[in-house]
Amino acid sequence: MSLNAKDKSLITGIWSKISSKAPELGAEALGRMLTVYPQTKTYFSHWADTSPGSAPVKKHGAVIMAAIGDAVTKMDDLVGGLSSLSELHAFKLRVDPANFKILAHNIHVTIAMYFPADFTAEVHLALDKFLQNLALALAERYR
Amino acid sequence: MVEWTDQERTLIANIFANLDYEDIGSKALARCLIVYPWTQRYFGGFGNLYNADAIMNNPMISAHGVKILHGLDRAVKNMDDIKNAYATLSELHSEKLHVDPDNFRLLSDCLSIVIASKMGYDFTPDLQAAWQKFLTVVVFALGRQYH
């Protein structure tokens, strides 16, 4: 489900709206995912604390959200733009790609909470398509 | 049988005690039809679904969204036997309505997002966990009688 011009415009629009809060949103989404989908904690057994608001969650949430923000600038070639991140996820992290969908849902929930007026159904649609394409690009090198 | 902690029962009861069915039900169904357009296949007789604005303002869709949301009431009243509480509804969705059960999951996700929009910071991670667990159980029960 590739992105059309309207999707791209909505995505850059919502991202510029939320970018100043990106680290906080990332921490919130990641913390939520670890709480609501406990199976995702299996990837973080090396963290002392996986609860929302903890130091590792805040730090890593910010890292993830910054990478997504970067992907927004590479929307026209996600596979090319994310190739090294894809290698990282494929060969080192080996995160089951089903989890990308789970994180995407929690990103939607978080943005809906913080920016309810801006997260319209059409923005939700565009962002969902973008995150799906991002997930595909991230899984590109898996096999 | 599903085990519910006291905290989960309380959290879920609180959501329903404060639920604005008219607002949340209509918005959740409209959002589902917009974000996952293939779900419109079940709504051929519901008038104008041509674009997002038409869907958001469609009175038949709004009314149906409210009806669907009230469908959750029987789960709240039968928390300890949701599977059987939904047996006839499950058969209806399978045999008469022919709805792919994956759609229940899509609507559930939209419902969670609409509630998150309304509650903001009050939609805590623990509340989200209890709410989504509740919806997962209902969705499973609704798909149970398909064959």
Side-chain angles (χ1 to χ4, degrees), chain A residues 1 4 6-7 9-11 14 18 21 24-41 49-54 57-58 61 98 101-132, chain B residues 5 7-8 11-12 20 23-24 26-40 49-58 61-62 65 102 105-136 139:
Chain A
M1 300 178 216
N4 58 38
K6 184 178 176 191
D7 294 324
S9 157
L10 288 172
I11 292 157
I14 189 69
I18 70 174
K21 286 211 160 205
E24 201 183 324
L25 296 172
E28 181 78 48
L30 181 62
R32 253 157 217 281
M33 183 185 80
L34 296 167
T35 305
V36 181
Y37 302 85
Q39 70 271 22
T40 57
K41 290 192 290 188
D49 189 352
T50 52
S51 58
S54 67
V57 169
K58 275 173 139 160
K101 221 179 221 186
I102 292 175
L103 181 58
H105 172 67
N106 286 288
I107 290 172
H108 292 317
V109 167
T110 302
I111 296 178
M113 279 168 55
Y114 280 65
F115 297 90
D118 300 294
F119 196 60
T120 62
E122 285 174 298
V123 168
H124 177 175
L125 164 61
L127 190 65
D128 195 40
K129 285 171 76 175
F130 170 69
L131 291 175
Q132 260 195 43
Chain B
T5 64
Q7 194 207 23
E8 285 169 339
L11 287 170
I12 291 159
D20 180 348
D23 183 40
I24 301 291
S26 57
K27 281 183 177 149
L29 181 59
R31 189 168 280 251
C32 187
L33 295 173
I34 293 166
V35 179
Y36 309 108
W38 53 92
T39 58
Q40 292 170 26
L49 302 180
Y50 191 63
N51 55 36
D53 276 336
I55 294 171
M56 298 289 302
N57 294 304
N58 183 318
I61 294 293
S62 291
D102 197 54
R105 184 184 58 79
L106 298 178
L107 181 60
S108 294
D109 285 349
C110 286
L111 190 50
S112 299
I113 284 165
V114 168
I115 287 181
S117 298
K118 188 135 196 203
M119 295 183 72
Y121 301 117
D122 288 341
F123 195 57
T124 61
D126 282 343
L127 181 53
Q128 184 183 346
W131 175 245
Q132 290 196 198
K133 176 178 169 180
F134 173 76
L135 289 178
T136 301
V139 162

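Chain letters run A, B, ... following the sequence lines, proteins first and then strands; every chain starts at 1.
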Just distance, no hydrogens or angles: give the donor-acceptor pairs under 3.5 Å from side chains in residues 115-126 of chain B, sequence neighbours left out.
| unit_1 | atom_1 | unit_2 | atom_2 | d |
| --- | --- | --- | --- | --- |
| B:Ser117 | OG | B:Ile113 | O | 3.1 |
| B:Lys118 | NZ | B:Asp23 | OD2 | 2.9 |
| B:Thr124 | OG1 | B:Leu127 | N | 3.1 |

Identify every side-chain donor-acceptor pair in residues 115-122 of chain A under 3.5 Å, counting partners at least two apart or on other chains, and give the distances.
| unit_1 | atom_1 | unit_2 | atom_2 | d |
| --- | --- | --- | --- | --- |
| A:Asp118 | OD1 | A:Lys17 | NZ | 3.1 |
| A:Thr120 | OG1 | A:Val123 | N | 3.2 |
| A:Glu122 | OE2 | A:Lys6 | NZ | 2.7 |

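The shortest side-chain heavy-atom distance between A:His124 and B:Ile34 does not fall under the 4.5 Å cut-off.
For the atom pair NE2 (A:His105) and CZ (B:Arg105), the distance works out to 10.0 Å, reported to the nearest 0.5 Å. Within the model, atoms OG of B:Ser112 and NE2 of A:His108 stand 12.0 Å from one another, a figure rounded to the nearest 0.5 Å. Atom-to-atom distance recorded for B:Gln132:CD and A:Thr35:OG1 is 11.0 Å, nearest 0.5 angstrom.
Interface remark: A:Met33 contributes no atoms to any contact with chain B (heavy atom separation under 4.5 Å).
The candidate from A:Lys129, A:Arg32, A:Met113 with the greatest count of non-hydrogen atom pairs under 4.5 Å with chain B is A:Arg32. Put simply, of A:Asp128, A:Val109, A:Ile111, the one with the most heavy-atom pairs under 4.5 Å next to chain B is A:Val109.
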